[in-house]
Amino acid sequence: MTATKVDWVSSKKTGFDLFEDRNVVAMRVNGELKDLAATIESSDQVEAVTISSPDGLAILRHSTAHVLAQAVQSINPDAKLGIGPPITDGFYYDFDVESPFTPEDLKQLEKAMERIVKQGQRFQRRVVSEAEARSELAKEPYKLELIGLKGGTAEDESVEVGGAELTIYDNVDPKTGETVWKDLCRGPHLPSTRLIGNGFALTRVAAAYWRGSEKNKQLQRIYGTGWPSKDELRDYQARLAEAARRDHRKLGVELDLFSFPTEIGSGLAVWHPKGGILRQEIEQHSLKRNREAGYQYVYTPHITKADLFVESNHLVTYADGMFPPIHLDEERDAQGNVTKQGQDYYLKPMNCPMHILIYRERGRSYRELPLRLSEFGTVYRNELSGALHGLTRVRGFTQDDAHIFVAPEQLEEEAARVLEFVLALLRDYGLENFELELSMKDDEKTKWIGSDENWESATNSLRKVAAASGLKVTEQPGEAAFYGPKIDLKTKDAIGRSWQLSTVQVDFNLPERFGLEYTAADGSRQRPVMIHRALMGSIDRFIAILLEHYAGAFPVWLSPVQVIGIPVAEEYNEYLGEVIAKLRSKGVRAELDLSTDRMPKKIRNATLQKIPYQLIAGEDDRSNSAVSFRFRDGHQENGVPVEKAIERILESIENREQV
RNA sequence: GCCGCCUUAGCUCAGUUGGCAGAGCGAUUCACUCGUAAUGAAUAGGUCGAGGGUUCGAUUCCCUCAGGCGGCUCCA
């Protein structure tokens with residue numbers, strides 16, 4: 001926060017009197033955000049809100065949204081206003097219009113907005129009664145609906161009608177004093193549109209359901225971004241360009257890792273040889289770590305009779321996410337009458353019921369617990385076509401899944417072990433900067449099953465475990481799965497984007513449904529608790545995250561091609577070929593570039609493929625039994641003796657180094 | 001699933017107000033034998049996403065479908 005405390009000044013004043021700094025665009029009066037035009041009482045605590053502070057940016061963006069709405073209505077007076085709040089990095093405004101906006105409309109609207117900004121219209125707050133608001137906004141059906149909602153039940157406060165009173169903001173032409181536009185809004189706003197400057201841009205158009213419900217009409221939403229200066233806008237646009245450069249869908253094509261053939265179907269990926277190597281490395285490393293941590297690997301089928309998902313209740317709670325059944329074994333006579341009842345089979349959307357059946361296959365002793373079953377389990381989910389997105393949202397994917405069966409008293413210790421394990425493994429892949437979210441039940445929703453005592457003790461256990469990790473923990477009441485609390489782990493990638501990865505969920509429900517038991521030390525039958533652990537979420541998605549994190553330039557051990565040999569001329573093919581062969585014999589993924597390209601072209605190709613080591617050899621190297629290194633960043637080390645070079649490469653693989 | 005936009009060579013993209021389809025990269029071949037991000041030349045490569053309609057004629061206009069992109073919704 002850049003807000004500064006301000007001492008109280010004697011007589012009655014407004015924010016304009018108090019703050020001369022033009023960067024101050026609003027103020028907090030006794031903790032409440034207000035326009036600078038608001039008057040201040042002598043007992044008030046006042047803080048300045050500068051345009052670059054989080055509050056200031058939100059106000060800037062909200063005011064920019066108003067300017068957008070004014071621009072839209074200046075061009076199309078029939079456009080009905082929805083809502084227009086600030087969001088991360090920008091704002092949007094929803095409109096009900098006859099025909100959707102086009103990219104050309106956006107350019108035209110930006111121009112209109114610039115004119116409004118230059119005009120320096122004042123945002124003037126005015127308190128109105130509900131009746132006044134209704135008559136002034138008679139032509140705005142959505143605003144009228146918002147007015148109707150105000151004072152209703154626990155509805156979230158919105159930027160339109162939150163707060164104690166209804167207010168309308170008039171946009172006033174500073175020269176004529178005429179109100180040129182107005183909008184129902186709680187504020188606060190910038191003192192003048194001029195402060196918006198040239199740090200804004202309209203970014204895209206999209207449809208959005210009115211008030212976020214599929215049942216409502218879709219409005220046309222215009223998204224924009226807004227910043228205090230043109231330079232900051234450019235920085236933001238550069239960040240977007242960097243994110244686009246790292247897009248895993250683009251890198252997947254460029255590095256020949258995977259594709260989504262339309263013949264196979266939406267959201268169903270095939271892995272090419274290079275992507276296959278990457279995936280194998282990740283899986284093998286994970287397998288080894290899982291084994292070391294006491295997990296036992298299992299295999300289960302991709303398809304099962306309906307019975308299993310009836311017993312697990314997935315066919316009730318998760319039916320929408322499942323592919324329709326495959327009807328098998330039905331027989332009919334010549335008249336078409338069913339002579340043998342068929343069976344429905346389903347593609348599995350989750351692995352847990354299968355693992356549970358392995359547990360239940362025989363009697364279990366407390367001595368076997370915790371029993372940790374893990375699997376790279378491939379699941380299929382019938383995601384809505386519009387929700388699919390590269391490898392991060394697909395219809396078939398592989399979870400590095402595990403289900404741990406523990407005695408209730410083991411829950412806390414095991415959860416701590418799981419979290420520790422998850423963090424260690426993710427660090428192996430080069431991820432850092434983790435945050436935890438503890439999702440709990442709340443008193444408002446009714447979906448929760450299981451006893452309050454169970455919830456309380458499990459939540460307390462997870463809370464302790466999360467706290468002990470030393471990571472930042474956010475508690476989220478109401479966000480738990482219906483069957484138990486969970487810890488989700490988020491990580492930030494190299495350019496600061498947050499990704500949800502692992503989840504550790506406590507489940508009382510499935511052990512109950514499947515009647516799981518173990519024999520305790522005293523001979524009594526007890527019910528185990530289950531922990532669901534998806535470490536990388538989905539391997540497919542995890543690879544997408546790593547791809548974007550590393551921008552395709554993986555650490556040596558994960559690189560599909562680790563070493564490429566580039567002879568200076570054909571003459572040196574044989575010499576360098578021997579070096580490459582030695583590396584291959586030691587398990588290094590090394591290739592020799594025998595193409596007819598010239599050397600600089602080969603270097604360019606290898607660099608674009610983001611291969612960590614380019615080994616170059618010409619006369620200087622051959623006569624000294626040496627090779628020359630060229631690295632991704634272009635720096636070189638010439639004349640390295642072959643044995644030393646090999647050693648160095650092997651070490652970097654062993655230590656999972658980035659080079 | 002809903003709304004909007006898009007789909008032209010392996011890739012990135014021009015183009016046609018309805019009249020024989022274009023470039024760069026990539027591929028192949030030939031020449032060059034080369035020291036740190038593109039040597040030169042030639043050749044091949046297309047039912048203009050699929051199907052239907054309008055038209056003398058459709059890659060171009062209209063309809064349906066598929067796939068992609070951006071959102072919304074969804075993500076137990």
Side-chain angles (χ1 to χ4, degrees), chain A residues 87 92 94 97 99-106 203-223 244 247 249-250 253-254 256 259-267 312-322 349-350 352 381-390 392-394 439 447 479-484 486 500 503 505 507 509-510 532 537-538 541 566-573 595-609 614-622 627-639:
Chain A
I87 53 174
Y92 65 79
D94 289 341
V97 282
S99 53
F101 298 103
T102 66
E104 289 69 46
D105 292 339
L106 289 193
T203 50
R204 57 175 65 100
V205 286
Y209 297 106
W210 168 238
R211 298 183 56 223
S213 168
E214 236 176 330
K215 294 182 187 78
N216 291 339
K217 180 167 185 180
Q218 283 200 330
L219 306 182
Q220 292 299 312
R221 175 172 295 178
I222 296 179
Y223 282 93
D247 191 310
R249 294 166 298 183
K250 186 166 164 276
V253 175
E254 286 171 5
D256 196 13
S259 59
F260 294 89
T262 59
E263 293 83 347
I264 296 178
S266 290
S312 70
N313 210 33
H314 280 109
L315 276 171
V316 174
T317 59
Y318 194 62
D320 287 349
M322 293 171 69
M350 292 188 190
C352 20
R381 299 181 182 184
N382 190 15
E383 301 286 354
L384 295 179
S385 60
L388 301 173
H389 182 91
T392 61
R393 195 74 183 276
V394 288
S439 296
K447 64 178 182 178
E479 290 302 309
F482 69 88
Y483 48 73
K486 61 175 180 172
Q500 150 127 36
T503 173
Q505 311 188 351
D507 186 352
N509 172 50
L510 286 174
H532 300 251
S538 112
R541 184 163 178 276
I566 299 178
V568 166
E570 222 174 302
E571 161 85 19
Y572 309 102
N573 284 359
S595 70
T596 56
D597 289 327
R598 283 165 142 70
M599 181 212 185
K601 184 59 186 299
K602 292 185 179 184
I603 287 173
R604 178 180 155 83
N605 286 343
T607 308
L608 291 177
Q609 283 297 302
Q614 296 171 28
L615 283 193
I616 296 170
E619 191 49 45
D620 296 348
D621 301 287
R622 182 168 66 176
V627 289
S628 295
F629 278 90
R630 186 190 159 100
F631 299 90
R632 283 168 175 145
D633 65 359
H635 91 275
Q636 310 149 34
E637 278 173 45
N638 294 338

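Chain A is the first sequence line, chain B the second, and so forth, proteins listed ahead of strands; every chain is numbered from 1.
Taking A207(A) as the reference, Q218(A), Q220(A) meet the side-chain contact (heavy atoms from CB on, under 4.5 Å) condition, with sequence neighbours excluded. The salt bridge (charged side-chain N to carboxylate O under 4.0 Å, His left out) search around K250(A) returns E254(A), not counting sequence neighbours. Partners of F629(A) by ring pair (Phe, Tyr, Trp, His ring centres under 6.0 Å), not counting sequence neighbours, listed by chain and number: Y613(A), F631(A). With sequence neighbours excluded, the residues forming a side-chain contact (heavy atoms from CB on, under 4.5 Å) with N216(A) are W210(A), R211(A), S213(A), listed by chain and number. Residues that satisfy the salt bridge (charged side-chain N to carboxylate O under 4.0 Å, His left out) test with R249(A), not counting sequence neighbours, are D247(A). For R221(A), the side-chain contact (heavy atoms from CB on, under 4.5 Å) partners are Y92(A), D94(A), A208(A), Y223(A), not counting sequence neighbours. For R622(A), the salt bridge (charged side-chain N to carboxylate O under 4.0 Å, His left out) partners two or more places apart in sequence, or in a different chain, are E571(A), E619(A). In this view, E570(A) satisfies the side-chain hydrogen bond (donor to acceptor under 3.5 Å, both in side chains) rule with no residue, not counting sequence neighbours.
Using a 4.0 Å cut-off, some side-chain N or O of R630(A) falls inside it from OP1 or OP2 of A37(B). The phosphate of C74(B) (OP1 or OP2) has no side-chain N or O of Y318(A) nearer than 4.0 angstrom.
We find that CD of E254(A) is positioned 13 Å from C1' of G26(B), with the value rounded to whole Å. Atom CZ of R393(A) and atom C1' of G71(B) are 14 Å apart (whole Å). Distance, I87(A) CD1 to G71(B) C1': 11 Å, rounded to whole Å. Counting to the nearest Å, the P atom of G35(B) and the CD atom of E571(A) are 13 Å from each other. The CD atom of E383(A) sits 16 Å away from the C1' atom of C2(B) (whole-angstrom rounding). Between the CD1 atom of I222(A) and the P atom of G71(B) there is a distance of 15 Å, rounded to whole Å. Computed from coordinates, the R598(A) CZ to A31(B) C1' distance equals 10 Å when rounded to whole Å.
When heavy atoms are screened at a 4.0 angstrom cut-off, Y92(A) is found touching no nucleic acid atom at all.
Checked by atom type and distance alone, the side chain of S628(A) pairs as donor or acceptor with a backbone atom of G639(A) at under 3.5 Å. Between the K486(A) side chain and the T503(A) main chain, no donor and acceptor come within less than 3.5 Å of each other.
Taking every side-chain heavy atom of L384(A) into account, G1(B) is the closest of G1(B), G35(B), C72(B). Among the nucleotides G35(B), C2(B), C3(B), the one closest to any side-chain atom of Q220(A) is C3(B). Of the candidates A37(B), U33(B), C32(B), U33(B) carries the atom nearest the E570(A) side chain, counting heavy atoms from C-beta on. Comparing G35(B), C72(B), C32(B) by their closest approach to the side chain of R221(A) singles out C72(B).
Residue Y572(A) places no side-chain atom within donor-acceptor reach of the base of G35(B), judged by atom type and a 3.5 Å distance cut-off alone. Residue R211(A) places no side-chain atom within donor-acceptor reach of the base of C72(B), judged by atom type and a 3.5 Å distance cut-off alone. If you check distances only, the side chain of R381(A) never reaches the base of C75(B) with a donor-acceptor pair under 3.5 Å.
Rounded to whole Å, the separation between the C1' atoms of C13(B) and A21(B) comes to 14 Å. A gap of 14 Å separates the P atoms of G22(B) and A44(B), to the nearest Å.
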Tabulate protein N/O versus nucleotide N/O from nucleotides 63-70 of chain B, keeping only pairs under 3.5 Å, one per line.
unit_1, atom_1, unit_2, atom_2, d
G67(B), OP1, S266(A), OG, 3.4
G68(B), OP2, S266(A), OG, 3.1
C69(B), OP1, R249(A), NH1, 3.3
G70(B), OP1, R249(A), NH1, 3.3
G70(B), OP1, R249(A), NH2, 2.9
G70(B), OP2, R249(A), NH1, 3.2
G70(B), O2', R204(A), NE, 2.9

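Taking a pair as Watson-Crick or G-U wobble with both distances under 3.5 Å, RNA chain B forms stems of 3 or more consecutive pairs at B:1-7 with B:66-72, B:10-13 with B:22-25, B:27-31 with B:39-43, B:49-53 with B:61-65.
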side-chain contact (heavy atoms from CB on, under 4.5 Å) evaluation trace for V568(A) with D620(A) = CA-CA 10 Å; V568(A) 166; D620(A) 296 348; over 6 Å; no

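Comparing V253(A) and G639(A) by the nucleotide of RNA chain B whose heavy atom lies nearest to each, the residue mapping closer to the 5' end is V253(A). Of the two residues near RNA chain B, G212(A) and A617(A), the one whose nearest nucleotide lies more 5' is A617(A).
Here the side chains of L510(A) and H532(A) are in contact, with some heavy-atom distance below 4.5 Å.
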Per-nt protein contacts along nucleotides 5-10 of chain B (heavy atom under 4.0 Å; B base, S backbone sugar-phosphate only, - none) come out as ------

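Of the residues in residues 599-609 of chain A, those lying under 4.0 Å from RNA chain B by heavy-atom distance are M599(A), P600(A), K601(A), I603(A), R604(A), T607(A), L608(A).
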